[in-house]
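These notes concern the structure reproduced below.
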Amino acid sequence: ETGVTQSPTHLIKTRGQQVTLRCSSQSGHNTVSWYQQALGQGPQFIFQYYREEENGRGNFPPRFSGLQFPNYSSELNVNALELDDSALYLCASSLTGGATNEQFFGPGTRLTVL
Amino acid sequence: AQSVAQPEDQVNVAEGNPLTVKCTYSVSGNPYLFWYVQYPNRGLQFLLKYITGDNLVKGSYGFEAEFNKSQTSFHLKKPSALVSDSALYFCAVTRGSARQLTFGSGTQLTVLP
């Protein structure tokens, strides 16, 4: 059974640029959630995708957008990068979108915005 | 709205001693509660969850947690700490209709040899 994988591992961008982060969900999981973890803080929910549709969104601006593909892999896109976007971005997959299912996290992508 | 508080940024305990990492929550309706552990430069690993039923939940690596509805708490415990338990621990809450997990700020556990 393959776990959740994310790419790239690290990324450095400058303010105003755009970035795409990728996530492959665990085998058999149809739900992917994205979180932002700033240094010294807990993860903050960005949004969730279930069967290719956005299924819930946290308090993040529209410049944070996503996609989920038929194989349930997912992308997180961030436009017009700001310095405060520097963080660890975590992807998590779960068996379904139900609240009782534990989420399985990938190792994250460390984004640095200069 | 839902929220989690982890009142201790840092917990130190000697190897072999019992450990407790505290968590309190606020949520409308019945809570679903989770504990995750994060090792340096790694993602979060699931430890255990409370959905319903027995207030004492057992999880991975010998950890357990006790759900206390009256005190709105879900403290993580282990009878005998190991040095390898040293890591960052996060408590999280959600509820039936919600899609998001809301995490606490984390507690750094250090087990001293």
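Naming convention: chains lettered A, B, ... in sequence-line order (proteins, then strands); numbering from 1 in each chain.
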hydrophobic_cluster_shared for [Y] and [X], side chain cutoff 4.5 Å:
X: B:Phe46; Y: B:Tyr32; result: yes
X: B:Tyr50; Y: B:Tyr61; result: yes
X: B:Trp35; Y: B:Ile51; result: no
X: B:Leu82; Y: B:Val21; result: no
X: B:Leu47; Y: B:Phe34; result: no

Quiz prompt | Neighbour count above 12 (heavy atom, 6.0 Å) for B:Lys22 NZ | solution = no
Practice problem: Could you tell me whether A:Glu53 atom CD has more than 12 heavy atoms of other residues or ligands within 6.0 Å of it? | Solution: no
Could you tell me which of [options] has the largest number of non-hydrogen atom pairs under 4.5 Å with chain B?
options: A:Gly106, A:Gly108, A:Gly40; value: A:Gly106
options: A:Gln41, A:Gln48, A:Gln44; value: A:Gln48
options: A:Gly42, A:Ala92, A:Pro43; value: A:Pro43
options: A:Phe45, A:Tyr50, A:Phe47; value: A:Phe45

Self-check item: Short side-chain to backbone donor-acceptor contact, B:Tyr36 and A:Gln103, under 3.5 Å
Solution: yes
Quiz prompt | Members of residues 61-91 of chain A whose heavy atoms come closer than 4.5 Å to chain B | solution = A:Leu88, A:Leu90
Quiz prompt | Heavy-atom pair with the smallest gap, counting every atom of B:Gln100 and A:Arg57 | solution = OE1-O, 4.3 Å
Quiz item: By a 4.5 Å heavy-atom criterion (distance strictly below it), what part of A:Glu102 contacts chain B: side chain, backbone, both, or neither?
Solution: both
Quiz item: Taking only residues two or more places apart in sequence or in another chain, which ones pass side-chain hydrogen bond (donor to acceptor under 3.5 Å, both in side chains) with B:Asn55?
Solution: none
Exercise. Examine B:Phe103 together with A:Tyr35 and report whether their ring centres are nearer than 6.0 Å.
Key: yes
Exercise. Any chance you could measure A:Phe105, atom CZ, to B:Leu101, atom CG, to the nearest 0.5 Å?
Key: 6.0 Å
Quiz item: Where on B:Gln45 is there a heavy atom nearer than 4.5 Å to chain A: the side chain, the backbone, both, or neither?
Solution: neither
Self-check item: B:Leu44 versus chain A, the contacting section by heavy-atom distance below 4.5 Å
Solution: both
